[in-house]
**Q** 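Before I ask anything, here is the structure I am working with.
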Protein chains: 2
Amino acid sequence: MPAEAKTAAKAAQSPVRAAQPVTPPLTERQEARRRRILHASAQLASRGGFDAVQMREVAESSQVALGTLYRYFPSKVHLLVATMQDQLAHMHGTLRKKPPAGDTAAQRVAETLMRAFRALQREPHLADAMVRALTFADRSVSPEVDQVSRQTTVIILDAMGLDDPTPAQLSAVRVIEHTWHSALITWLSGRASIAQVKIDIETVCRLIDLTSPEDRPPSPAP
Amino acid sequence: MPAEAKTAAKAAQSPVRAAQPVTPPLTERQEARRRRILHASAQLASRGGFDAVQMREVAESSQVALGTLYRYFPSKVHLLVATMQDQLAHMHGTLRKKPPAGDTAAQRVAETLMRAFRALQREPHLADAMVRALTFADRSVSPEVDQVSRQTTVIILDAMGLDDPTPAQLSAVRVIEHTWHSALITWLSGRASIAQVKIDIETVCRLIDLTSPEDRPPSPAP
DNA sequence: CGGTAATCTAGAACAAGTTTCAGACTTGAT
DNA sequence: ATCAAGTCTGAAACTTGTTCTAGATTACCG
């Protein structure tokens with residue numbers, strides 16, 4: 001049993017930087033199947049978003065029986081969250097190569113998120129599928145969602161250049177993540193403009209200066 | 001046609017304080033039906049959350065044919081978002097009677113949200129159903145979701161004691177709402193503790209001091 | 001190699017959201 | 001009071017996520 005669920009469950013306990021799960025030995029063909037499935041999922045999602053990812057179609061596209069698909073990913077939401085993990089890993093790689101160049105931590109985080117946002121704008125349907133799955137996920141997907149959250153946290157902390165955040169900073173990072181997800185949703189459902197998302201990201205990033213005033217004096221012009 | 005959708009669509013244009021929609025004449029019996037439906041929805045939601053609100057059961061509980069239910073609320077998500085509007089109106093009334101008493105705007109907003117949070121804790125399943133519906137809603141529900149958002153904005157601005165917010169303040173309020181929704185979700189899915197939600201709300205409310213320094217000097221102890 | 005446990009496949013079956021339809025009932029205008 | 005238009009009902013049908021089953025296939029152990 002490939003067992004995504006079990007797999008990620010193990011990783012869902014220690015704080016920020018948790019280890020990758022102990023990969024339960026996957027045959028080469030199984031690894032290939034898994035990749036095919038994730039690829040098909042991303043492809044269908046890119047076309048028509050959440051609704052377009054239909055389990056029967058994913059199964060067909062990836063040349064796998066429906067039952068097998070469900071063995072690898074126990075639900076549609078699991079599948080899409082895994083797809084998101086996949087894409088996030090990509091993005092993290094990309095970001096690592098060209099780190100953000102702002103002067104303050106807040107600027108770098110905002111720049112990082114805006115870069116990610118622009119990437120999502122190129123595939124709005126895919127973004128829709130992944131984000132909707134993420135926020136719709138119930139407790140049974142918590143371990144996987146948590147993993148996504150942890151990965152996002154790492155990306156933000158990287159941008160801040162922090163290794164050992166205080167509780168206050170962790171809270172600020174959580175608030176930034178909250179804003180990030182929720183702002184994405186309002187944008188995806190057409191209730192907020194791109195400009196608004198940008199402003200809100202910049203606004204929330206100001207919290208960083210508030211929790212670590214070492215980087216630059218926070219007080220605005222009087 | 002009672003037409004929830006049309007109804008709320010009309011309200012979804014002017015900024016913050018939009019007027020109530022021009023109620024398309026509803027007979028008394030129709031009004032009663034609508035109430036029965038919302039009541040059944042809230043009741044089922046209180047039991048088992050999002051999944052427990054099954055359209056057939058709602059129809060049966062409220063003594064209405066399935067087709068009629070769909071005429072009043074074109075989808076399950078529409079129904080639950082309307083349920084949320086209902087509950088929000090309640091809450092706003094309650095809050096009006098006992099306004100928050102903090103010294104700064106930030107304190108009052110945090111207090112208000114924590115009060116709402118405690119109310120939700122009393123009916124976690126209902127909260128689950130409403131919040132999941134809200135964030136899962138696609139474009140077809142935008143007008144209604146927007147209405148909820150506007151109502152929330154009003155509540156927050158009330159707590160701030162503001163009537164005529166600047167764009168920066170509006171952005172801060174949006175960020176607070178984002179955090180509010182997303183923090184609720186992480187709590188509901190068991191990924192964050194109540195304490196964490198509290199801290200995050202307090203953290204994000206600090207943004208208020210940042211965008212309107214008139215209320216009290218923001219600079220922390222050196 | 002041979003056997004056995006695990007995995008995979010095809011396809012049926014089930015569950016819940018949504019749609020459809022014919023006929024009964026209400027409403028509002030004349 | 002009557003008629004036309006709009007609503008409501010009950011029931012069946014359709015869609016898509018999910019589960020189940022029986023029989024192939026594959027992986028691994030001795």
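Scope of the values below: all heavy atoms of this structure, side chains included, with no hydrogens, waters or symmetry mates. Here is how names work: the chains are called A, B, and so on, in the same order as the sequence lines, proteins then strands, and each is numbered from 1.
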**Q** Report yes or no: is the cationic atom of Lys76(B) (NZ for Lys, CZ for Arg) under 6.0 Å from the centre of the six-membered ring of Phe50(B), at an angle within 45° of the ring normal?
**A**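 Yes, cation above the ring, under 6.0 Å and within 45°.
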
**Q** For Val53(B), answer base if it contacts any base atom (sugar-phosphate contacts may also be present), sugar-phosphate if it contacts only those atoms, and nothing otherwise; contact means non-hydrogen atoms under 4.0 Å.
**A** sugar-phosphate

**Q** Using the ring of each side chain (for Trp, its six-membered ring), is Phe136(B) parallel, tilted or perpendicular to Phe136(A), with breaks at 30° and 60°?
**A** parallel

**Q** Is the shortest side-chain N/O distance from Thr27(A) to OP1 or OP2 of dA27(D) below 4.0 Å?
**A** no

**Q** Counting heavy atoms from C-beta on, name the nucleotide in dC8(C), dT16(D), dA12(C) closest to the side chain of Leu66(A).
**A**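 Shortest atom-to-atom distance from the side chain points to dA12(C).
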
**Q** Rounded to the Å, how far apart are Leu80(A) CG and dT18(D) P?
**A**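 Answer to the nearest Å: 10 Å.
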
**Q** Taking only the side-chain heavy atoms of Tyr72(A) (C-beta and beyond), determine which of dC8(C), dT9(D), dC8(D) contains the nearest atom.
**A**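 Output: dC8(C).
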
**Q** So what does Val58(B) hit on the nucleic acid, given a heavy-atom distance under 4.0 Å: a base, only sugar-phosphate, or nothing?
**A**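 Result for Val58(B) = nothing.
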
**Q** Rounding to a whole Å, what distance do you find between Phe73(A):CZ and dG17(D):C1'?
**A** 16 Å

**Q** In whole angstrom, give the distance that lies between atom CZ of Arg34(A) and atom P of dC8(C).
**A**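 Roughly 13 Å, once rounded to whole Å.
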
**Q** Below the 4.0 Å mark, does dC8(D) have OP1 or OP2 next to a side-chain nitrogen or oxygen of Gln30(B)?
**A**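 Checking Gln30(B) against dC8(D): at least one side-chain N or O falls below 4.0 Å of OP1 or OP2.
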
**Q** Does NE2 in His39(A) sit with more than 12 non-hydrogen atoms of other residues, nucleotides or ligands closer than 6.0 Å?
**A** no

**Q** Taking CD from Glu60(A) and C1' from dA10(C), how many angstroms apart are they, rounded to a whole number?
**A** 12 Å

**Q** Classify Glu57(B) by what it touches in the nucleic acid, base, sugar-phosphate, or nothing, heavy-atom distance under 4.0 Å.
**A**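 Nothing: the residue Glu57(B), judged by heavy atoms under 4.0 Å, touches no strand.
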
**Q** Taking atom C1' of dT26(C) as reference, at what distance in whole Å does atom CD of Glu28(B) sit?
**A** 14 Å

**Q** Both Val64(A) and Met55(B) contact DNA chain C. Taking the nearest nucleotide for each, which residue is further toward the 5' end?
**A**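 Counting from the 5' end, the first nearest nucleotide belongs to Val64(A).
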
**Q** Taking atom SG of Cys205(A) and atom CE of Met160(A), what is their separation to the nearest 0.5 Å?
**A**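 Cys205(A) atom SG to Met160(A) atom CE measures 9.0 Å (nearest 0.5 Å).
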
**Q** I want to verify a distance call: between dT18(D), dC8(D), dC8(C), whose nearest atom is closest to the Lys76(A) side chain?
**A** dT18(D)

**Q** With respect to Glu144(A), which candidate in Val77(A), Leu80(A), Val81(A) satisfies the side chain to side chain contact (heavy atoms under 4.5 Å, CB included) definition?
**A**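 Result for side chain to side chain contact (heavy atoms under 4.5 Å, CB included) with Glu144(A): Val81(A).
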
**Q** Rounded to whole Å, how long is the line connecting atom CD of Gln54(A) with atom P of dC14(D)?
**A** 17 Å

**Q** Tell me the interatomic distance from Arg71(B), atom CZ, to dT20(C), atom P, rounded to whole angstroms.
**A** 13 Å

**Q** Of the nucleotides dC8(D), dT18(D), dG17(D), which one has an atom closest to the side chain of Ser75(A)?
**A** dT18(D)

**Q** Using whole Å, what does the distance between atom C1' of nucleotide dG17(D) and atom CG of Leu44(A) come to?
**A**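 My rounded result for the distance is 15 Å.
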
**Q** Decide yes or no on side-chain hydrogen bond (donor to acceptor under 3.5 Å, both in side chains) for Arg118(A) and Gln121(A), but give the supporting numbers first.
**A** CA-CA 5 Å; Arg118(A) 276 188 291 272; Gln121(A) 283 174 53; over 6 Å; no

**Q** Which residue lies toward the 5' end of DNA chain D, Arg29(A) or Asp51(A), if each is placed at its nearest nucleotide?
**A**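 Per heavy-atom nearest nucleotide, the more 5' residue is Asp51(A).
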
**Q** Mark yes or no for a side-chain to base donor-acceptor pair under 3.5 Å between Arg56(B) and dT18(C), with no hydrogen or angle criteria applied.
**A**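 A donor-acceptor contact between them is present.
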
**Q** From the set dA27(D), dT19(C), dA10(C), return the single nucleotide nearest to any side-chain atom of Tyr70(B).
**A** dT19(C)

**Q** Measure from the side chain of Arg33(A), starting at C-beta and using heavy atoms only, and say which of dC8(C), dG17(D), dT9(D) lies closest.
**A**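 Nucleotide nearest to Arg33(A)'s side chain: dC8(C).
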
